[in-house]
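Pasting a structure below so you can have a look.
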Number of protein chains: 2
Amino acid sequence: MQKNTPRREYGLSRERIIDEAIALLDISGESGLTFRSLAGRLDTGAGAIYWHVANKNDLMVAACDAVLARALVVPVADNAPQDAIRALALALFDAIDERPWLGEVLTRMPLQSPMLRILEPLGQQVRAMGVAEPQQFAVASALLNYILGVSVQNAANAQIGRQLGGDRAVLLGAVADAWTALDAAAYPFTRSIAGQLREHDDRADYLAGINLILRGIAP
Amino acid sequence: MQKNTPRREYGLSRERIIDEAIALLDISGESGLTFRSLAGRLDTGAGAIYWHVANKNDLMVAACDAVLARALVVPVADNAPQDAIRALALALFDAIDERPWLGEVLTRMPLQSPMLRILEPLGQQVRAMGVAEPQQFAVASALLNYILGVSVQNAANAQIGRQLGGDRAVLLGAVADAWTALDAAAYPFTRSIAGQLREHDDRADYLAGINLILRGIAP
DNA sequence: ACCTGAACACCGTTCAAGT
DNA sequence: ACCTGAACACCGTTCAAGT
């Protein structure tokens, strides 16, 4: 007969907290993750979480890190470095497409652990491309910055898409209509590409940008 | 003898609200702008602000828009389009360097008014470079995404820099030290460029990235 | 038409008290 | 060592009531 029957099937742990946090983020985005809602899912009090996690920022970083660790297991193989970079970039694109909160949070993060999960493999391939040592940092961070920029934009669009009811085509259509209604003298370019916006493919344009940079590195 | 002496020298107006909001953001960042602190500066009640502004998001968008309108008055002249793009990109870099909250907020913004202040002139120059019509959207947004990515990263660094006491060299040194302490097997690249991080010039690397993309557009 | 300020429904975080 | 849950010091937003 046990004396110390645990109150729950599994005791509270950092891992369980992070997993439930990710689940909550997936369900209702960043605003849906609160210590109260999280405590509810974990069947405990809000304060208990602080025993395993320093604060909300710590929790967000850990959640990003856990998700990225799983998402970025790309078979690097021994293809051309350019192909490896493309594969890596697309893996991140898809991960953020699936979890918009990831894009939103990544951008607020400094060059800490989760960011290094992207920078490191990117840099290894930049080196493999034969970029000279002194330029390796600038080139790798140019790639990282482009990737982050798209992530952000993607996450923001997904956010609005959700507010508008979810249909991506409806969202793009609405933006394109707004662009068409702009003042012709002040916004000639934006007006002229409203049509391209309506038909464009996020993922393809993203890859086109990557290729632009790759061509700039090794013309 | 006036019957309606205004209670304040200037009545509340959208412009005055936005100006004070910007002042508050400059002083203490995004977390420093609250309806209560803003009402205090405007010598009114928190609820009064809602007569002129829909909500906090509306206020943030308006603040970004006002700041960008002033910051992006770049003499486009009739130089080479590449030069105009570089000038524009640097103007934005400096604006965000001066006001880190701008970078933070811009990233959450969809393709609305403030973003178009950047996309439009960028696109005009892309067109001037002779990029074919069907690719103009992809090319212009590649530039925009890169610029946003850097902004974000810059804003995040500034944020941490402020927490650490302000000295940029100290911050970079701390990050570089952390990189050097990483596991050699898992992070060979990051370790090897820790030195470059310590000495690098944000603005120069940013420009290097722009040049990479420009070279990719027109080799 | 515009402003007031109390009230509402939340937050993250802390901490004495329990087991 | 770990958990509880009330309490603290905030938020954005609303709204009856005033002028």
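In the text below, chain A, chain B and the rest are named by the order of the sequence lines, each starting its count at 1.
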Do A/Asn157 and A/Val175 have side chains that get closer than 4.5 Å, going by heavy atoms?
->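 A/Asn157 does not reach A/Val175 side chain to side chain.
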Check whether any side-chain heavy atom of A/Gln153 lies under 4.5 Å from a side-chain heavy atom of A/Asp202, and answer yes or no.
->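 Not in contact.
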Would you please confirm or rule out a distance under 4.0 Å between OP1 or OP2 of C/dC3 and any side-chain N or O of B/Trp51?
->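 No, no such contact exists.
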Cationic N near anionic O, under 4.0 Å, B/Arg14 to B/Asp58 |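 Judged by the 4.0 Å cut-off on N to carboxylate O distance, B/Arg14 and B/Asp58 do form a salt bridge.
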Can you tell me which residue pairs pass the side-chain hydrogen bond (donor to acceptor under 3.5 Å, both in side chains) test with a partner in residues 136-151 of chain A, sequence neighbours excluded?
->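 Every pair satisfying side-chain hydrogen bond (donor to acceptor under 3.5 Å, both in side chains) with a residue in residues 136-151 of chain A: there are none.
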Rounded to the nearest angstrom, tell me the gap between atom CD1 in B/Ile17 and atom C1' in C/dC2.
->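 Those two atoms, CD1 and C1', are 11 Å apart.
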Determine the stems involving DNA chain D; a stem requires 3 or more consecutive pairs of the Watson-Crick or G-U wobble kind, each with both distances below 3.5 Å, and the answer is none if no such run exists.
->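 Stem segments, range with range: C:4-8 with D:12-16, C:12-16 with D:4-8.
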Could you state the CG-C1' distance from B/Leu42 to C/dG5, rounded to the nearest angstrom?
->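 It works out to 16 Å between those atoms.
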Listed once per pair and sorted, the salt bridge (charged side-chain N to carboxylate O under 4.0 Å, His left out) pairs that draw on residues 174-189 of chain B, sequence neighbours left out =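 Matches after skipping sequence neighbours: B/Asp177-B/Arg198.
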Polar atoms only, N or O, under 3.5 Å: list the protein pairs with nucleotides 11-13 of chain D and their distances.
from: D/dC11; atom 1: N4; to: B/Arg36; atom 2: NH2; distance (Å): 3.3
from: D/dG12; atom 1: OP1; to: B/Lys56; atom 2: NZ; distance (Å): 2.8
from: D/dG12; atom 1: OP2; to: B/Phe35; atom 2: N; distance (Å): 3.1
from: D/dG12; atom 1: N7; to: B/Arg36; atom 2: NH1; distance (Å): 2.9
from: D/dG12; atom 1: O6; to: B/Arg36; atom 2: NH2; distance (Å): 2.7
from: D/dT13; atom 1: OP2; to: B/Tyr50; atom 2: OH; distance (Å): 2.8
from: D/dT13; atom 1: OP2; to: B/Lys56; atom 2: N; distance (Å): 2.9
from: D/dT13; atom 1: O5'; to: B/Tyr50; atom 2: OH; distance (Å): 3.0

Mind calculating the distance between NE2 (B/His52) and P (C/dA1) to the nearest angstrom?
->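 One finds 13 Å between P of C/dA1 and NE2 of B/His52, rounded.
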Minimal non-hydrogen separation, A/Pro100 against A/Ala155, with atom names =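 That closest heavy-atom pairing would be O-CB, 3.4 Å.
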Partners meeting side chain to side chain donor-acceptor pair (under 3.5 Å) with A/Asn154 (sequence neighbours left out) |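 Applying side chain to side chain donor-acceptor pair (under 3.5 Å) to A/Asn154 gives none.
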What is the distance from CG of B/Leu38 to P of C/dG5, rounded to the nearest Å?
->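 It is 16 Å, rounded to the nearest whole Å.
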Listed by chain and number, what are the ring pair (Phe, Tyr, Trp, His ring centres under 6.0 Å) partners of B/Phe35, not counting sequence neighbours?
->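 Scan of B/Phe35 (ring pair (Phe, Tyr, Trp, His ring centres under 6.0 Å), adjacent residues dropped) gives B/Tyr50.
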